[in-house]
Amino acid sequence: MTSTAPETQRGQDAGDALGEQPTSWQRRLRRFGHVPRPETPLRDRLDPPYTRPGRQVWSVLAIPPHVADRLVRWSGWGGPLLITLVAGLLRFWKLDRPHAVIFDETYYAKDAWALVNQGYEGSWPKDVDKLILKDPSSVPIPTDPGYVVHPPVGKWIIGFGEQLFGFTPFGWRFMVAVLGTVSVLLLCRIGRRLFRSTFLGCLAGLLLAVDGLHFVMSRTALLDLIVMFFVLAAFGCLVVDRDRARRRLADALPVDAEGVLRPDARIAETLRLGWRPWRLGAGVMLGLAFATKWNGLYVLAAFGLMTVLWDVGARRTAGAVKPYMAVLRRDLVPAFVSTVPVAIVTYVVSWTGWIVTDKGYYRNWAATEGKNSSWSWLPDWLRSLWHYENQVYDFHVGLTSGHTYESNPWSWLVLGRPVSYFYEEQAGCKESTTGKCASEVLAIGTPLLWWLACFALAYVVWRWLFRRDWRAGAIACGVAAGWVPWFFYQERTIFLFYAVVFVPFLCLAVTMLLGAIVGPAAGQGARAELGLTSGDPTGERRRTLGAIAAGVLVLLIVWNFIYFWPLYTGTSIPEDLWRDRMWLDTWV
């Protein structure tokens with residue numbers, strides 16, 4: 001069987017002491033059956049290998065060894081692409097339904113159309129949505145500038161779909177659906193690299209494909225899923241950069257007479273890791289994230305700290321006596337330059353349309369109200385942009401007006417208050433005892449997945465704090481970067497769908513928990529950690545029961561997604577069935 005437990009990877013940075021002699025207390029514990037963790041070679045700690053399916057899997061399926069080897073090689077991309085195909089079919093199915101401007105599409109669809117046609121957002125008249133749906137060609141683009149409170153990248157992306165397919169619901173949802181589909185592929189590949197398991201990577205992607213909140217946001221022209229895509233892409237870039245940096249360290253370390261890689265303090269503390277293009281890519285992605293919505297700034301700060309700590313762990317594992325000092329001297333400045341300035345430049349460039357058209361809102365503020373400023377030596381466009389940003393910040397901080405669907409971030413993980421994007425009743429419904437049918441698009445995660453994620457996050461935090469597993473720390477960082485900042489603005493009007501930014505990391509957390517439930521495969525080093533030997537019937541029984549339990553949980557999550565499908569797609573169902581799906585009173 002394929003090893004699906006996270007314990008099979010010895011890549012955690014705190015494994016540096018695995019090769020040391022056992023302490024006295026460890027020797028005493030052996031009298032009571034304590035089995036020490038197996039020593040893992042230094043190269044495997046720096047650059048862990050990928051797990052491979054056991055031969056018994058292929059023998060049961062009657063697949064010849066040479067065909068099995070070819071399938072294993074193809075599965076690294078074949079599995080993720082298959083999951084992505086399923087996710088894409090789901091997300092593009094009747095993408096133009098409901099034929100309506102739902103929730104905040106009323107802002108972003110119109111702003112995007114103006115942006116791609118004239119370079120800046122216009123001030124649209126009220127009640128123009130019905131005219132757009134009826135005949136978009138009859139609605140002129142307003143030339144008066146509109147006051148918008150979000151940067152332009154997300155609207156440029158939405159507008160690109162409108163340029164391809166017109167100013168229609170399908171057009172303004174198209175590119176969001178593309179990014180939602182591609183994000184499933186990204187998570188499959190990131191999960192595979194994170195856990196060193198194609199199976200676990202595909203499982204993480206499958207969970208994302210059947211999450212209700214991600215699904216609804218992939219079919220709606222809002223900005224938050226676009227932020228999620230860039231955050232996930234940045235995380236993937238940093239994971240690849242981490243692997244390459246650690247491999248470079250491993251290749252530079254000496255090998256003893258027996259061919260065993262040995263740590264070396266001098267090399268670990270002085271080696272320059274050179275050109276790191278994936279870190280630059282992460283800087284661009286993070287810049288695009290906060291050039292879509294400002295909460296991407298918190299992710300930039302969190303991921304920047306995370307990648308520096310990864311460098312500390314890598315140099316410590318390679319033998320550095322003072323890893324923090326080594327990172328301070330060798331890595332800190334390059335890490336900062338390749339992320340923060342790159343992200344800021346990306347953000348400023350994203351305002352090009354507003355800058356060059358000279359007609360956007362506040363575009364000429366520096367030449368009028370701000371002409372006597374002490375900063376007048378700066379370019380007018382830059383001072384106008386800075387003033388605009390200050391006004392937008394004041395707007396966001398002061399946004400405290402009540403809303404029917406607002407929710408506190410404390411309630412997000414348990415799906416306390418989802419957001420209804422669209423609701424419509426139809427009379428004369430014979431299938432319903434009330435005589436009514438209901439159509440709704442409800443922005444809510446797949447309940448069983450999110451409720452399981454609460455336990456998964458507790459496991460991830462435990463594994464990070466007590467087992468020093470870097471992967472658990474990375475997942476926790478992704479969740480915290482997208483969730484924790486909202487606790488500082490609890491008086492502000494905020495919504496559950498903001499949580500879509502960290503949904504991929506919830507899926508990774510659940511995947512890690514399910515891998516632990518399944519347990520390690522026969523013959524894997526982690527079996528020794530559990531006190532099991534190869535062929536131990538107790539271990540095989542435990543793994544079989546674990547696989548059954550994990551499989552049942554995954555099937556329940558998939559069933560739950562199918563059960564709530566009508567609420568995700570606006571499908572008309574009898575009101576009785578709609579009420580059956582209102583599991584909590586706060587969902588109505």
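FYI, the numbering just counts along the sequence from 1.
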Q | Under-4.0 Å salt bridge between R467 and D469 | A | no
Q. Do the non-hydrogen side-chain atoms of L506 and W450 ever get within less than 4.5 Å of each other?
A. yes
Q: For atom CH2 of W74, decide whether the heavy atoms of other residues, nucleotides or ligands shown that lie under 6.0 angstrom number more than 12.
A: no
Q. Which heavy-atom pair separates A516 from R542 by the least distance, and what is that distance?
A. O-NH2, 3.1 Å
Q. Taking all non-hydrogen atoms of both residues, which atom of F229 and which atom of L186 are closest, and how far apart?
A. CE1-CD1, 3.7 Å
(Q) The test is side chain to side chain contact (heavy atoms under 4.5 Å, CB included); show your working for L452 and L513 and say whether it passes. (A) CA-CA 9 Å; L452 180 61; L513 177 63; 4.0 Å; yes
Q.
Once you measure the plane-to-plane angle for F505 and F235, does it fall in the parallel (<30°), tilted (30-60°) or perpendicular (>60°) bin?
A. perpendicular
Q) Taking side chain as C-beta onward, heavy atoms only, is M217 less than 4.5 Å from I226? A) no
Q. Are the side chains of D331 and V308 in touch, meaning some heavy atoms are under 4.5 Å apart?
A. no
Q. Under the side chain to side chain contact (heavy atoms under 4.5 Å, CB included) criterion, do W451 and L413 qualify, and how do the steps go?
A. CA-CA 7 Å; W451 295 340; L413 287 184; over 6 Å; no
Q: Answer yes when R173 and D96 have at least one side-chain N-carboxylate O distance shorter than 4.0 Å, and no when they do not.
A: no
Q) Got a salt bridge between D576 and R581, using NZ or NE/NH1/NH2 to carboxylate O under 4.0 Å? A) no
Q | From R193, R247, R276, residue fulfilling salt bridge (Lys or Arg N to Asp or Glu O under 4.0 Å) relative to D241 | A | R276
Q) Do we see a donor-acceptor contact under 3.5 Å between the side chains of T446 and H214? A) no
Q: If the plane angle is over 60° it's perpendicular, under 30° parallel, otherwise tilted; pick one for W565 and F215.
A: tilted
Q | Minimum side-chain heavy-atom gap F303-T339 below 4.5 Å | A | no
Q. In terms of side-chain geometry, is the basic nitrogen of R246 or D47 positioned less than 4.0 Å from the acidic oxygen of its partner?
A. no
Q: Mind checking the CG-CG spacing from L496 to L442? Nearest 0.5 Å is all I need.
A: 9.0 Å
Q.
Looking only at the side chains, is there a donor atom on one of R192 and T198 sitting less than 3.5 Å from an acceptor on the other?
A. yes
For residues 475-490, please give each side-chain donor-acceptor pair under 3.5 Å, one per line with the distance, not counting sequence neighbours.
| from | atom 1 | to | atom 2 | distance (Å) |
| --- | --- | --- | --- | --- |
| W483 | NE1 | P409 | O | 3.0 |
| Y489 | OH | Y298 | OH | 2.8 |
| Q490 | OE1 | N408 | ND2 | 2.9 |
| Q490 | NE2 | F487 | O | 3.2 |

Q.
Please report whether the ring centroid of F103 lies less than 6.0 Å from that of Y405.
A. no
Q) Has K94 got its NZ or CZ under 6.0 Å from the middle of the six-membered ring of F170, at an angle within 45 degrees of the ring axis? A) no
Q) Salt bridge between R279 and D311, side-chain N to carboxylate O under 4.0 Å? A) yes
Q.
With a 4.5 Å cut-off on side-chain heavy atoms, are L82 and W77 touching?
A. no
Q: Let me see the working for F174 and F92 under ring pair (Phe, Tyr, Trp, His ring centres under 6.0 Å), right down to the final yes or no.
A: CA-CA 8 Å; F174 175 79; F92 280 95; 5.7 Å; yes
Q | Side-chain touch V441/Y568, heavy atoms, less than 4.5 angstrom | A | no
Q) With side chains defined as the heavy atoms from C-beta onward, is the minimum distance between K293 and D224 less than 4.5 Å? A) yes
Q.
T220 vs E105, test: side-chain hydrogen bond (donor to acceptor under 3.5 Å, both in side chains). Steps then yes/no.
A. CA-CA 7 Å; T220 312; E105 284 186 342; 5.0 Å; no
Q) Considering only heavy atoms from C-beta outward, does the side chain of I157 approach that of V178 to under 4.5 Å? A) no
Q) For the side chain to side chain contact (heavy atoms under 4.5 Å, CB included) test, which of Y421, W578, F422 pairs with E440? A) W578
